[in-house]
Amino acid sequence: MEVPLKICEALKQETAKYKGSIQYLGVYKGKTVWMFDYSEPVILGPPSLYLFDGSNVEYLCGEEVFDIISQLEKS
């Protein structure tokens, strides 16, 4: 799946600073879910997710992301 331009823009700092790639995870409540997959070990807290509805990007980080990940629809 092609990464939407708005997701690339939202992850611009991550892609410039770290080695890795933008990964598509699935669909949650009609929004595509994306995350940055680090190719090198980094110290982080919970994963950060980016939800995209076709026009807006919503950034989520914290315990709630685990609930979203468990409910993803694969496509």
Side-chain angles (χ1 to χ4, degrees):
M1 172 178 272
E2 187 174 331
V3 180
L5 180 59
K6 288 205 175 188
I7 292 293
C8 291
E9 290 171 356
L11 286 160
K12 192 178 206 177
Q13 289 183 351
E14 296 297 311
T15 57
K17 190 172 182 180
Y18 300 104
K19 290 182 182 178
S21 60
I22 300 171
Q23 298 292 315
Y24 168 77
L25 298 180
V27 177
Y28 175 74
K29 295 186 178 181
K31 299 177 182 179
T32 57
V33 180
W34 304 83
M35 70 177 284
F36 188 76
D37 184 23
Y38 300 88
S39 62
E40 299 175 350
V42 294
I43 297 174
L44 298 172
S48 299
L49 298 182
Y50 297 81
L51 281 61
F52 184 58
D53 66 5
S55 59
N56 297 306
V57 176
E58 179 181 358
Y59 170 78
L60 298 173
C61 182
E63 295 296 321
E64 74 233 55
V65 301
F66 297 111
D67 290 333
I68 292 171
I69 290 170
S70 69
Q71 297 178 47
L72 287 174
E73 301 169 19
K74 301 292 181 184
S75 57

Problem set entry | Verify same cluster id: L25, V27 (apolar side-chain graph, 4.5 Å) | no
Problem set entry | Heavy-atom check, side chain of P47 versus side chain of F66, under 4.5 Å | yes
For this session: State which residues pass salt bridge (charged side-chain N to carboxylate O under 4.0 Å, His left out) with E2; sequence neighbours excluded, sorted by chain then number.
Result: none
Problem set entry | Residue pair S48 / M35: nearest heavy atoms and the distance that separates them | O-CB, 3.5 Å
Exercise. Residues in side chain to side chain donor-acceptor pair (under 3.5 Å) with D53, at least two apart?
Worked result: S55
Problem set entry | Validation row: V3, W34 side chains within 4.5 angstrom (heavy atoms) | yes
For residues 10-17, which side-chain N or O atoms pair as donor and acceptor with protein atoms under 3.5 Å away, sequence neighbours left out?
unit_1, atom_1, unit_2, atom_2, d
E14, OE1, Y38, OH, 2.4
T15, OG1, L11, O, 3.2
T15, OG1, K12, O, 3.0

Problem set entry | Residues in salt bridge (charged side-chain N to carboxylate O under 4.0 Å, His left out) contact with E58, at least two apart in sequence or another chain | K31
Exercise. Given L49 and I69, is the side-chain contact (heavy atoms from CB on, under 4.5 Å) satisfied, shown in steps?
Worked result: CA-CA 9 Å; L49 298 182; I69 290 170; 4.0 Å; yes
For this session: Considering non-hydrogen atoms only, spot the tightest contact between V65 and P46 and give its length.
Result: CG2-CB, 4.5 Å
For this session: Compare all side-chain heavy atoms of Y28 with those of E73 and state whether any distance is below 4.5 angstrom.
Result: no
Exercise. Are L72 and V57 joined in one hydrophobic group, where the rule is that I, L, V, M, F, W and Y side chains link up if heavy atoms are under 4.5 Å apart?
Worked result: no
For this session: Test I22 against I7 for side-chain contact (heavy atoms from CB on, under 4.5 Å), laying out the working first.
Result: CA-CA 9 Å; I22 300 171; I7 292 293; 3.9 Å; yes
Exercise. Can you hop from F52 to Y24 via hydrophobic side chains spaced under 4.5 Å?
Worked result: yes
Exercise. Same cluster for L5 and L51 if Ile/Leu/Val/Met/Phe/Trp/Tyr side chains link at under 4.5 Å?
Worked result: no
Problem set entry | Side-chain donor/acceptor of S39 to backbone N/O of K19, under 3.5 Å | yes
Problem set entry | Any residue meeting side chain to side chain donor-acceptor pair (under 3.5 Å) with S70, in chain and number order, not counting sequence neighbours | none
Problem set entry | From CA spacing to verdict: side-chain contact (heavy atoms from CB on, under 4.5 Å), E40, Y18 | CA-CA 8 Å; E40 299 175 350; Y18 300 104; over 6 Å; no
For this session: Sequence neighbours left out, what passes ring pair (Phe, Tyr, Trp, His ring centres under 6.0 Å) with Y50? Give chain and number order.
Result: Y59
For this session: To the nearest 0.5 Å, tell me how far I68 CD1 sits from K29 NZ.
Result: 8.0 Å
